[in-house]
Amino acid sequence: MIAFVALPILIPFVLIITLLIIRSDKLARWVGPLGAGLLILLSVYLLVLVREHGVIALQMGGWEAPFGITLVVDYLSALMLVVSAIIIFSIAVYALRFLPETIKLNRFFIFFFGLTMGLNGAFVTGDVFNLFVWFEVMLMSSFVLITLGRTKNQLEGGIKYMALNLVGSMFFLAGVGLLYGKTGTLNMAHLAEILKNDDQAILMNTSAVLFFVAFGIKAAVFPLYFWLPASYHTPNITISSLFAGLLTKVGVYTFIRFFTLFFVHDPQFWHQLLLVIAGLTMVAGGMAAAAHYETRRILSYHIISQIGYMIMGLGIFTPLAIAGAVFFTIHNMVAKTNTFLVSGMINKARGTYELKDVGGLFNQSPLMAVLFVIPAFALAGAPPISGFFAKFILIKAGIENGNYGITAVAVLTGMLTLYSMIKIWNEAFLKKQPENEYAKTPFKKLQFAEYFPSVLLGAVSILMGIFAFYVFDFTMEAGAQLTNPELYIETVLKRVNP
Amino acid sequence: MEIILAIVVGVLYTAGVYLMLRRSILKFIIGLILLSNATNLLVFLSAGLVPGSPAFVKPDGVGNGVMADPLPQALVLTAIVIGLGIVVFTLALKYKFFELTGTDDLDQLKKTDD
């Protein structure tokens with residue numbers, strides 16, 4: 001039963017081997033979505049296990065905790081696993097219809113599951129160096145995915161994406177080195193235990209700052225985000241939406257993990273820094289999104305803006321705020337991916353991403369309009385869809401803890417979000433189709449299979465809003481576990497047997 | 001010995017950053033290689049150097065007293081392999097880009113910005 005913890009890594013691995021052997025696009029059509037569906041079942045089962053035991057840990061190869069590699073699933077990991085599995089499934093279905101002929105489906109799914117493996121590995125690992133390895137697995141797959149179409153723009157975007165992310169990896173590895181030099185361990189729980197009772201823990205700041213820069217680059221926070229808008233709009237929309245939903249959120253996950261579990265020695269400095277960065281990230285991303293007129297660029301900048309909210313929750317650092325950050329992260333993963341999916345549909349129906357060249361979609365396809373409104377309202381924070389509760393929790397936590405500055409920034413950035421969403425709505429759906437070359441091509445009716453992924457994610461967003469009480473319950477448990485990591489440490493170091 | 005290696009790490013980082021700030025993509029990649037090697041050396045140094053006593057244990061389980069810490073060496077080995085894979089991919093990407101555009105100038109990469 002505990003061995004199930006290794007499956008989020010093993011299933012994608014087995015799928016990659018299968019795809020390498022079968023080498024057929026026809027079979028890959030089935031293997032991709034079915035494999036992704038299996039991941040959903042598995043991650044829901046893991047969430048149920050976590051509900052029973054609190055934290056579950058698996059010692060790989062039978063080596064005891066500080067010496068071997070530990071895989072750990074707690075509430076945060078389990079929630080991230082479930083939500084990313086849902087996104088992976090919907091994108092596996094989306095890919096069947098939206099990938100161009102030039103990209104072989106079989107090859108796409110190999111790297112798609114490579115990315116999934118790295119992602120799930122990063123979520124379940126309890127070892128800092130192991131986390132580095134999973135990051136690299138994920139990065140390598142994403143490098144291949146982003147350049148899969150081999151056009152000029154994709155290669156250019158790929159170079160920028162790769163360059164900054166590799167510099168981030170170097171920071172990460174240097175941080176690992178210094179961390180090991182100072183503590184002699186890389187097991188996260190062991191680190192937490194050592195640093196908890198160490199009066200010289202302030203010396204950890206040198207490593208912490210290296211990790212901060214590394215995760216800052218991965219999560220695309222304020223001064224380090226420039227790779228994201230330069231690359232996310234270049235690949236095929238399937239790949240853009242995959243990246244938009246998952247990649248930066250891993251950076252946020254590691255931020256939350258590291259800065260709640262063991263870099264808690266100097267809260268005055270770090271939480272202040274996190275809050276400042278969060279505010280700047282929100283505003284910078286929101287402003288840039290407001291200035292653009294290409295859907296993918298608007299949405300890319302908007303990813304950055306939303307990262308700020310997640311970091312804000314971490315910076316406030318009360319159980320409620322962490323719960324808000326987790327809620328916001330899972331809500332945002334779903335809604336953000338969904339907006340990208342809809343922009344892909346607009347492109348498929350009209351042949352362009354430029355908002356100035358499209359219009360009148362509301363009359364052409366009311367269903368598409370509804371599908372856009374759901375994630376857009378979720379992102380803008382309108383009740384009763386998921387985003388309202390996520391923002392509400394964060395703002396409540398901010399006011400309760402007296403962080404009025406960041407709370408004001410968060411509320412005002414909500415306006416910027418609303419503005420960019422209304423812009424897409426007005427331009428693409430309400431205004432008349434301008435007379436241009438795109439108007440002459442007949443509107444391409446989409447089939448249900450093309451709508452389905454977006455319908456699924458939209459339903460998840462709405463359900464997360466209607467049953468917000470239950471989701472909040474889970475995230476609150478996550479917040480409690482993260483701010484008081486005793487159980488995590490004890491379980492990993494084998495002092496309690498689940 | 002540690003002092004010398006520390007200086008080597010510093011020099012490698014300096015050279016790497018300098019090369020990364022040049023305009024050529026190829027020099028950028030060479031800079032990346034230097035950075036990755038500097039980082040590998042840093043990790044290798046992190047447990048300190050213990051010359052002449054490898055981490056072997058006698059059959060009865062008794063060690064040789066002070067032993068070199070094998071873990072950073074294992075980490076570095078992994079990091080070197082990952083670095084190799086990344087450099088190969090970067091070079092392939094750079095080659096493909098050069099084939100398509102005929103430029104090696106980072107200042108020409110402005111199309112996807114703004």
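Not measured: the values here are computed from a predicted model. Chain A is the first sequence line, chain B the second, and so forth, proteins listed ahead of strands; every chain is numbered from 1.
For the atom pair CZ of A/Arg150 and CD of B/Glu99, the computed distance is 10.0 Å after rounding to the nearest 0.5 Å.
Between A/Phe340 and A/Ala244 the shortest heavy-atom distance is CE1-CB, 3.4 Å. For A/Ser420 against A/Ile298, the heavy-atom pair with the smallest separation is CB-CG2, 3.8 Å. Nearest heavy atoms, A/Val213 versus A/Leu224: O-CD1, 3.8 Å. Of all the heavy atoms in A/Val128 and A/Phe211, the pair that sits closest is CG1-CZ, 3.9 Å.
Proximity to chain B is absent for every atom of A/Phe226, based on heavy atoms less than 4.5 angstrom apart. Of the two parts of A/Ala163, the backbone and the side chain both hold a non-hydrogen atom closer than 4.5 Å to a non-hydrogen atom of chain B. For B/Phe98, no part lies near chain A; criterion is any non-hydrogen pair under 4.5 Å. For A/Phe143, the parts lying under 4.5 angstrom from a heavy atom of chain B are both the backbone and the side chain. Contacts between A/Lys182 and chain B at a heavy-atom distance below 4.5 Å are absent for every atom of the residue. Neither the backbone nor the side chain of A/Ser169 has a heavy atom closer than 4.5 Å to any heavy atom of chain B. Within the 4.5 angstrom heavy-atom criterion, only side-chain atoms of A/Glu136, from C-beta onward, approach chain B. For A/Met162, the part lying under 4.5 angstrom from a heavy atom of chain B is the side chain only. Only the side chain of B/Phe89 has a heavy atom closer than 4.5 Å to any heavy atom of chain A.
The choice from B/Pro72, B/Ala47, B/Gly16 that makes the most heavy-atom pairs within less than 4.5 Å of chain A is B/Pro72. Considering only heavy-atom pairs separated by less than 4.5 Å from chain A, the leading option among B/Leu45, B/Leu93, B/Leu106 is B/Leu93. Contacts with chain A were tallied for B/Lys94, B/Gln108, B/Lys96; B/Lys96 has the most, counting heavy-atom pairs under 4.5 Å. The most heavy-atom pairs under 4.5 Å with chain B, out of A/Leu139, A/Leu173, A/Val137, come from A/Leu173. Ranked by heavy-atom pairs under 4.5 Å with chain A, the list B/Leu100, B/Ile82, B/Leu75, B/Thr101 is led by B/Leu75. Ranked by non-hydrogen atom pairs under 4.5 Å with chain B, the options A/Tyr180, A/Phe132, A/Phe171 are led by A/Tyr180. Put simply, of A/Gly158, A/Gly157, A/Ala174, the one with the most heavy-atom pairs under 4.5 Å next to chain B is A/Ala174. Ranked by heavy-atom pairs under 4.5 Å with chain B, the list A/Ser231, A/Ala230, A/Gly181 is led by A/Ala230.
For residues 20-31 of chain B, the interface with chain A (any heavy-atom pair closer than 4.5 Å) comprises B/Met20, B/Ile25, B/Phe28, sorted by residue number.
Side-chain atoms of A/Thr238 and A/Asn236 include a donor-acceptor pair closer than 3.5 Å. Using modelled atom types and a 3.5 Å distance limit, the side chains of A/Thr234 and A/Tyr161 yield no donor-acceptor pair.
Ring orientation note: the planes of A/Phe258 and A/Phe172 are nearly perpendicular, at an angle over 60° on the 30°/60° scale.
Under a 3.5 Å cut-off, the side chain of A/Trp134 and the backbone N or O of A/Val124 do not form any donor-acceptor pair.
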Hey, mind stepping through A/Phe111 and A/Leu115 against side chain to side chain contact (heavy atoms under 4.5 Å, CB included) and telling me if it holds?
-> CA-CA 6 Å; A/Phe111 293 105; A/Leu115 193 140; over 6 Å; no
Test A/Val250 against A/Phe135 for side chain to side chain contact (heavy atoms under 4.5 Å, CB included), laying out the working first.
-> CA-CA 9 Å; A/Val250 190; A/Phe135 258 110; 4.0 Å; yes
Worked verdict on B/Leu84 versus B/Ile80 for side chain to side chain contact (heavy atoms under 4.5 Å, CB included) = CA-CA 6 Å; B/Leu84 174 81; B/Ile80 289 173; 5.5 Å; no
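Scored by the side-chain contact (heavy atoms from CB on, under 4.5 Å) test, B/Val11 finds B/Ile7 as partners (sequence neighbours excluded).
Atom NZ of A/Lys104 has 12 or fewer heavy atoms from other residues, nucleotides or ligands within 6.0 Å.
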